[in-house]
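There's a structure below that I have some questions on.
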Amino acid sequence: MQHHDWIAILDFGSQYSQLIARRIREQHVYSELIKFDTTAEELAARKPAGIILSGGPASVFADGAPLCDKAIFDLGIPILGICYGMQMTTMLLDGTVKPGNSREYGSSDISVTNETSLFKNTASSLNVWMSHGDQVASMPAGFEAIANTNTCPIAAMANEERKIYGLQFHPEVVHTPKGTTILKNFVFDTCGCSGEWEMAQFIKESIASIKEKVGDNHVICGLSGGVDSSVVAVLLQQAIGDKLHCIFVDNGLLRGGEAEQVEKTFSGAFGMDLHVAHSAKLFLDNLKGVVDPEKKRKIIGSTFIDVFAEKARELEDVKFLAQGTLYPDVIESVSPLGGPSVTIKSHHNVGGLPDDMQFKLIEPVRELFKDEVRALGRELGMPDEMIDRQPFPGPGLAVRILGDITEDRVKLLQEADKRVQEEVEKLDDYKDIWQSFAVLLPIQTVGVMGDNRTYENVVALRIVESMDGMTADWCKIPYETLAKISNRIINEVSGINRVVYDISSKPPATIEWE
């Protein structure tokens, strides 16, 4: 999709590269991570308003350190180098970099010695987040130092005439309080962006490009009931109407009542052409006696493909398959140990379809982060309860039932889980919770009910907060809520006599138990 004014971020592998993209998008300016070795010619053809060179784990002195095409400095497009990006700029433009005697990492105070456009509306002394070993010893011709610290005489540099800047700290992290102002100065003042990249605009452009791509053909969309696939389906419906056919595979491993909810919403409220495969029995039969988590995932994946393919064959002349791939799934990050590495989570994609079913892919939200997909859904008029749904694993409850998966154990977990949801949703800060669910453990413990001893199942509660699922902390849920969940599960769900709370963070633990 062509964006009118956008910022290109050359990715040198910094753990913060995605953050730079997010910070700029928050200003309603489109930004995209692109490979560090994109040529000046390719870049010029895409007409970015500005270029940011990200940080990275490498040292400019390392063998095979990643370098950008030197010709980008002659394009006349404003450039901002961050940390590694600043050192590389210095080297490529014939300044000198020296290996740092001490690695500077963490919070630091810089003195701004020259306001330049970059530091407009900040202050003469700024708290910033440093992370570097090497530093600039002498600047290239035409540059001046615009900030320093006690140990780093050139903490920021500028060549106002060529609009090339370097920062020895990370403006994109929250630990640099005025960092957003600095990025705004670069994006708006230096690059002249307008800040008009809005969801309404995105929808208009998406619909136009989907129409153009699809023409008179038909599109299949796999619906899971999750946020991403739901938003994609609604967007496609607005673009191509009844040429959209949705397939929903009910694998019997969803939360209680969820399959009915999906049917009601999509064929009812949205009036879509929805084909439901009721395959709970098939999935359970295939999973019989399987306890190894990886095996469970593989069986669910391959059964899903068989069922999906069978349903898809019932539809005539379909050329396209729509998927809810998100930006973090497609970002090509640069591994410092060699070529760029690309990993896409396998269960995000209906990969591995049989040979007679080769579809062209449509991935309308592949440029967006999760929170942007939610914003898109709101703009499309979707109800909050769909937009605010917690992420749910592809294999469903199979990864939350440890040990053997049987119809009875699925029902037991659905009942317990329902009570977790009902109580957690009453919390004021419910929206800050990333995921909340119950896990059925493969152990029985002794309990007392009335005068009788019981020997029944244990359920673990997992409730976590997270920005993107990469890292997560367990939530400090009020004791009253935990007590209520525990009482309700033990009293109302026959077969469970003990509830425990999982207080591990990710890493080292994962969010799901399997």
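Every value quoted in this text rests on a predicted model; they were computed, and no experiment measured them. The figures here come from the full heavy-atom set of this structure, side chains too, leaving out hydrogens, waters and symmetry mates.
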- prompt: Thinking salt bridges, do Arg25 and Glu372 make one under a 4.0 Å N-O criterion?
  reply: yes

- request: Report the C-alpha separation of Ser54 and Ile20 in whole Å, then their side-chain angles, then the decisive distance to 0.1 Å, and conclude whether the side chain to side chain contact (heavy atoms under 4.5 Å, CB included) test is met.
  value: CA-CA 8 Å; Ser54 85; Ile20 305 174; 4.0 Å; yes

field: Between NE2 on residue His218 and CG on residue Asp242, distance to nearest 0.5 Å
entry: 7.0 Å

query: In Å, rounded to the nearest 0.5 Å, how long is the span from CG of Asn491 to CG of Asn497?
result: 11.5 Å

Pairwise side-chain contact, Ser436 with Arg462, heavy-atom cut-off 4.5 Å (strictly under): no

Pro364 and Ile210, any side-chain heavy atoms less than 4.5 Å apart: yes

field: Heavy-atom side-chain proximity of Val232 to Asp228 below 4.5 angstrom
entry: no

message: Between Lys213 (side chain only) and Lys211 (backbone N and O only), is there a donor and an acceptor less than 3.5 Å apart?
response: no

- prompt: What distance separates Glu379 CD from Ile203 CD1, expressed to the nearest 0.5 Å?
  reply: 4.5 Å

- prompt: Going through the checks in order, is the side chain to side chain contact (heavy atoms under 4.5 Å, CB included) test met by Cys246 and His275?
  reply: CA-CA 6 Å; Cys246 294; His275 302 256; over 6 Å; no

field: Backbone of Pro507 reached by a side-chain donor or acceptor of Ser505 within 3.5 Å
entry: no

task: Might you point out which heavy atoms bring Leu321 and Phe308 nearest each other, and give the distance in Å?
output: CD1-CZ, 3.8 Å

- prompt: Do the charged groups of Glu41 and Arg46 touch, with an N to O distance under 4.0 Å?
  reply: no

message: Go through it in stages, so that I can follow the logic: the residues are Gln444 and Val458, the test is side chain to side chain contact (heavy atoms under 4.5 Å, CB included), and I'd like the CA-CA distance, side-chain angles, deciding distance and then a yes or no.
response: CA-CA 6 Å; Gln444 269 86 35; Val458 182; over 6 Å; no

Side chain Asp502, main chain Leu461, donor-acceptor under 3.5 Å: no

query: Donor-acceptor pair, Asn217 side chain versus Val214 backbone, under 3.5 Å?
result: yes

query: Taking atom types as modelled and ignoring hydrogens, do the side chains of Glu212 and Ser209 form a donor-acceptor contact shorter than 3.5 angstrom?
result: no

query: Would you call the rings of Phe36 and Phe12 parallel, tilted or perpendicular if under 30° counts as parallel and over 60° as perpendicular?
result: tilted

task: Kindly compute the distance separating OG1 (Thr265) from CD (Gln261), expressed to the nearest 0.5 Å.
output: 4.5 Å

- request: State, with a plain yes or no, whether a side-chain heavy atom of Val365 is found less than 4.5 Å away from one of Leu376.
  value: yes

query: Hey, are Asp388 and Arg378 close enough for a salt bridge, meaning a charged N less than 4.0 Å from a carboxylate O?
result: yes

message: Could you tell me if Thr445 and Arg498 have a donor-acceptor pair between their side chains, going purely by distance under 3.5 Å?
response: yes

- request: Run the salt-bridge test on Asp285 and Lys281 with the 4.0 Å N-O cut-off and return the result as yes or no.
  value: yes

- request: Give a yes or no on whether a salt bridge exists between Arg409 and Asp404, defined as a side-chain N under 4.0 angstrom from a carboxylate O.
  value: no

- prompt: Are the aromatic rings of Phe320 and Phe359 close, with centres under 6.0 Å apart?
  reply: no

message: Could you check whether any side-chain heavy atom of Pro48 comes within less than 4.5 Å of a side-chain heavy atom of Ile7, counting everything from C-beta outward?
response: no

task: To the nearest 0.5 Å, tell me how far Phe270 CZ sits from Leu244 CG.
output: 12.0 Å

message: So that I can tick it off, tell me whether Asp473 and Lys506 are bridged by a salt bridge, with the cut-off set at under 4.0 angstrom between side-chain N and carboxylate O.
response: no

query: In terms of side-chain geometry, is the basic nitrogen of Arg23 or Glu26 positioned less than 4.0 Å from the acidic oxygen of its partner?
result: yes

- prompt: With the threshold set at 4.0 Å, does a side-chain nitrogen-carboxylate oxygen contact exist between Glu310 and Arg313?
  reply: no

- prompt: Looking at side-chain heavy atoms only, is the closest gap between Glu514 and Leu402 below 4.5 Å?
  reply: yes

query: About how many Å separate CD1 of Ile387 and OG of Ser230, when rounded to the nearest 0.5 Å?
result: 8.0 Å

message: Between Lys484 and Glu480, does any NZ, NE, NH1 or NH2 come within less than 4.0 Å of an OD or OE carboxylate oxygen?
response: no

- prompt: Is it the case that Arg22 places NZ or CZ above or below the six-membered ring of Phe369, under 6.0 angstrom from the centre and within 45 degrees of the axis?
  reply: yes

task: Dump the intermediate steps for side chain to side chain contact (heavy atoms under 4.5 Å, CB included) on Trp434 and Ile463, then the final yes or no.
output: CA-CA 8 Å; Trp434 175 259; Ile463 305 176; over 6 Å; no

field: Side chain proximity check, Ile77 to Lys47, heavy atoms < 4.5 angstrom
entry: no

- request: Look at atom CD of Glu492 and say whether more than 12 heavy atoms of other residues, nucleotides or ligands are closer to it than 6.0 Å.
  value: yes

- prompt: In terms of side-chain geometry, is the basic nitrogen of Arg419 or Glu415 positioned less than 4.0 Å from the acidic oxygen of its partner?
  reply: yes

task: Anything under 30° is parallel, anything over 60° is perpendicular, the rest tilted; go ahead and classify Tyr30 against Trp6.
output: tilted

Close side-chain approach of Leu380 to Leu235, heavy-atom, < 4.5 Å: yes

